[in-house]
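Report on one structure; see the data block that follows.
Just so we're on the same page: letters track the sequence lines, and every chain starts at 1.
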2 protein chains.
Amino acid sequence: MNTSGNVSRLEKVLRSLSLASEGDCGGLLVTNPVNIRYLTGFSGSAGTLLVGHEAGFLFTDGRYAEQARQQVSEAGLEGKVNVFIGGAKEQAAELKKSAESLMPMASGGELERLNGKPRVAFEAQHLTVAQFESLRSGTLSGVELLPRIGLVEGSRKVKDSSEIEAITAAAAIADQAFRITVEWATPKIGSKEELSEKRFGAWLDYQMRELGAEEPAFETIVAAGPNASMAHHRPGDRPILRNEYVVVDFGAKYRGYRSDMTRTISFGAVGPGEMQDVFDTVLEAQAEGLRAARPGVAASAVDAASRGVIAESSWHDKFTHGTGHGVGLDIHEAPWVSPGVIEELESGEIITVEPGIYLEGKGGVRIEDTLVITDEGNEVLTTSPKQWEID
Amino acid sequence: MNTSGNVSRLEKVLRSLSLASEGDCGGLLVTNPVNIRYLTGFSGSAGTLLVGHEAGFLFTDGRYAEQARQQVSEAGLEGKVNVFIGGAKEQAAELKKSAESLMPMASGGELERLNGKPRVAFEAQHLTVAQFESLRSGTLSGVELLPRIGLVEGSRKVKDSSEIEAITAAAAIADQAFRITVEWATPKIGSKEELSEKRFGAWLDYQMRELGAEEPAFETIVAAGPNASMAHHRPGDRPILRNEYVVVDFGAKYRGYRSDMTRTISFGAVGPGEMQDVFDTVLEAQAEGLRAARPGVAASAVDAASRGVIAESSWHDKFTHGTGHGVGLDIHEAPWVSPGVIEELESGEIITVEPGIYLEGKGGVRIEDTLVITDEGNEVLTTSPKQWEID
């Protein structure tokens with residue numbers, strides 16, 4: 001495991017916290033399970049993490065006792081993050097004690113408690129109003145609670161080498177599973193046996209698992225023919241036919257990290273006509289997006305590069321979503337590749353580029369890659385061919 | 001589709017809202033996607049629902065345009081729930097307009113706006129602090145926002161016939177997939193080929209999909225030998241061996257509804273000794289829990305029935321979680337079958353009974369069924385045998 005990785009992640013979050021709180025804050029209460037996993041390695045579905053300047057405290061229940069201790073130790077955090085196991089009441093009491101013991105890191109670097117009341121930041125995008133009220137008036141009534149946004153997510157944007165490795169592996173699993181699935185599907189499509197969107201998706205997901213994925217990165221989309229006009233269509237019983245476009249949007253999860261890829265394929269040629277022109281337009285739009293993605297450009301510039309191609313086509317109003325998003329422990333995370341995002345891309349960020357055109361009643365085309373921003377530009381991690389007419 | 005079902009669900013939520021707000025509240029803002037699905041049929045991952053006394057308003061983005069209209073219509077809500085499609089800004093503007101137009105249902109039944117400012121309740125357990133602040137100071141600054149807890153979840157506890165049907169079908173899929181998977185696994189275990197926890201889980205999940213499940217109800221747990229001491233173990237590369245217990249905890253999702261079942265099986269006999277005694281104790285504890293589950297008894301009485309058997313054994317401190325939980329659109333939902341829950345069970349509720357004993361370094365046993373509370377007692381929906389020693 002990437003020992004030094006987790007220690008430096010905790011340090012990075014504490015630095016962001018100091019900046020965001022002018023130094024007088026004792027710690028950060030982390031309640032988003034994905035952020036807890038990022039910081040400590042603990043992947044259970046229930047837990048609370050309090051990150052202080054001198055120590056961290058992880059609270060979870062008996063179901064996760066052994067797992068929590070094991071994962072925190074594998075992350076190299078033994079002695080740095082204390083694991084507390086107990087029921088809801090015991091966890092609350094211990095959280096109160098830990099929070100009240102935190103010493104603020106004063107701006108000058110000296111440890112002293114300001115105003116006599118300890119201050120703890122919390123994740124305002126993840127704590128619900130009900131949870132906040134319960135902490136404020138109960139468990140942490142002796143603590144001043146400061147809402148903060150995106151402190152851990154900010155750290156998560158630029159991936160370290162172990163994260164890039166995991167996403168590269170996830171993308172490779174997805175590529176290989178896709179090839180196997182297309183080969184398996186080919187003789188079935190147009191035959192008496194038929195193959196539904198659902199069964200295509202189920203086999204693809206199973207192949208990813210067989211190749212080492214923990215699970216699909218998200219609910220696989222298989223949208224055949226007119227169904228592809230719905231960007232987020234759920235696979236159903238409709239058979240995949242020959243000579244029509246099928247949009248397949250899927251990814252693998254590996255070591256907690258996700259890949260994301262869309263291919264629009266056809267079994268047998270799609271005749272010349274509107275849908276083929278749509279395909280060519282999306283293919284060009286996607287290529288322009290890829291060309292634009294490099295460090296120092298605004299995320300919106302990548303969006304604009306893809307969007308510009310479609311804007312000049314007959315389908316200028318049929319690209320109804322953003323061009324892409326960051327990918328990591330979450331399938332959708334910062335940075336957002338959308339209009340208006342002036343934030344500049346950085347080396348080590350992993351994003352998708354996925355323009356699409358959707359024509360109600362007719363169908364749709366989307367093409368998507370996952371890529372890592374490099375010092376020189378970018379490297380595409382999803383390598384399946386984009387122009388597959390399978391026969 | 002169950003047309004009248006969705007209309008009556010909306011009415012039920014409005015009645016709860018009236019009770020919870022003394023009649024002077026114009027509507028409920030629903031932000032939990034599962035609650036939106038329950039009320040409107042819309043199953044997209046992004047959306048906001050405003051339920052007013054005269055009409056409902058569903059807001060989502062372009063990716064879900066066709067799907068939202070289609071699902072709302074299939075739920076029989078055309079003309080009752082207005083679907084608005086737009087970007088984030090357009091949705092906010094329309095939400096503001098809709099919320100400000102809501103007329104409160106005054107306690108006396110008369111429609112009049114109290115205090116000049118419309119009042120809208122929101123789901124305090126689902127809205128984050130950041131979302132709330134953004135609504136309060138921005139989009140809905142002209143509206144008084146009232147935190148409410150569990151209004152929709154309360155309605156969801158007692159299932160209607162279409163819901164019981166879906167969960168029964170999900171349980172049947174899981175039963176059949178389990179039988180197929182055990183048969184498939186038997187010749188592999190103890191052979192040169194070997195079978196890891198992961199591959200067992202992948203095949204089980206695939207079989208559920210082939211039998212019609214939309215996806216697994218949650219991340220399938222396969223825990224072999226000592227790994228079973230972790231109640232929520234993730235399947236790994238460890239091969240399943242002969243003559244050891246394997247805990248398999250899984251379910252199917254069908255029409256959005258989930259089943260939940262755990263079986264502890266062995267390929268070849270587990271010799272007499274501690275683990276076999278643990279098995280017998282858990283089996284008895286589970287049977288006692290099932291016996292206790294009927295309308296009118298406190299949920300905690302079912303927990304006590306299971307817990308009592310383990311409390312009298314040598315492993316009294318090794319049952320480290322609640323006895324069960326409600327199952328429906330969520331895998332864990334109300335009612336909670338835990339100590340201290342005085343709430344009485346009602347006919348139509350669907351719960352699990354799943355005691356377990358976990359011995360660090362040695363292994364564990366858990367046995368779980370999903371059951372529906374009936375007028376007479378209960379009916380178990382998960383029917384796989386509990387004493388399988390496979391050879």
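Across all their heavy atoms, B:R63 and A:H321 have their closest contact at CG-CB, 3.9 Å. Scanning both residues, B:A130 and A:I149, for their nearest heavy atoms gives CB-CD1, 4.0 Å. B:E66 and A:G361 get closest at one heavy-atom pair: OE2-N, 4.4 Å. When all heavy atoms of A:G201 and B:R209 are compared, the pair lying nearest together is C-NH2, 3.3 Å.
Looking at A:T220, neither its backbone nor its side chain comes within 4.5 Å of chain B, counting heavy atoms on both sides. When heavy atoms are compared at a cutoff of 4.5 Å, B:S196 does not approach chain A at all. No part of A:D61 comes within reach of chain B, as not one of its non-hydrogen atoms sits under 4.5 angstrom from that chain. Contact of B:E215 with chain A is made through the side chain alone, with heavy-atom distances under 4.5 Å. Both the backbone and the side chain of A:S229 come within contact range of chain B, with heavy atoms under 4.5 Å apart. Proximity to chain B is absent for every atom of A:K318, based on heavy atoms less than 4.5 angstrom apart. Residue contact with chain B, scored on non-hydrogen atoms closer than 4.5 Å, involves the side chain of A:Q70 exclusively. For A:H126, the part lying under 4.5 angstrom from a heavy atom of chain B is the backbone only. There is no contact between A:Y358 and chain B, counting heavy-atom distances below 4.5 Å. With a 4.5 Å cut-off on non-hydrogen atoms, A:E219 touches chain B through its side chain but not through its backbone.
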Working for side-chain contact (heavy atoms from CB on, under 4.5 Å), residues B:T128 and A:F132: CA-CA 9 Å; B:T128 67; A:F132 173 74; over 6 Å; no

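Using a 4.5 Å heavy-atom cutoff, the side chains of B:E210 and A:R199 are in contact.
When each of A:A231, A:A213, A:G44, A:G212 is scored by its heavy-atom pairs under 4.5 Å with chain B, the top score falls to A:A231. Looking only at heavy-atom pairs under 4.5 Å with chain B, the residue among A:I85, A:T320, A:V129 that has the most is A:V129.
No more than 12 heavy atoms of other residues, nucleotides or ligands shown are found within 6.0 angstrom of OH on B:Y254.
Between the OG atom in B:S43 and the NE2 atom in A:H232 there is a gap of 12.0 Å [rounded to 0.5 Å]. Summarising the geometry, atom CD1 belonging to B:I331 is positioned 11.5 Å from atom OG belonging to A:S45; distances are rounded to the nearest 0.5 Å.
Between A:E214 and B:R234 there is no salt bridge, since none of the side-chain N atoms of the basic residue sits less than 4.0 Å from a carboxylate O of the acidic one.
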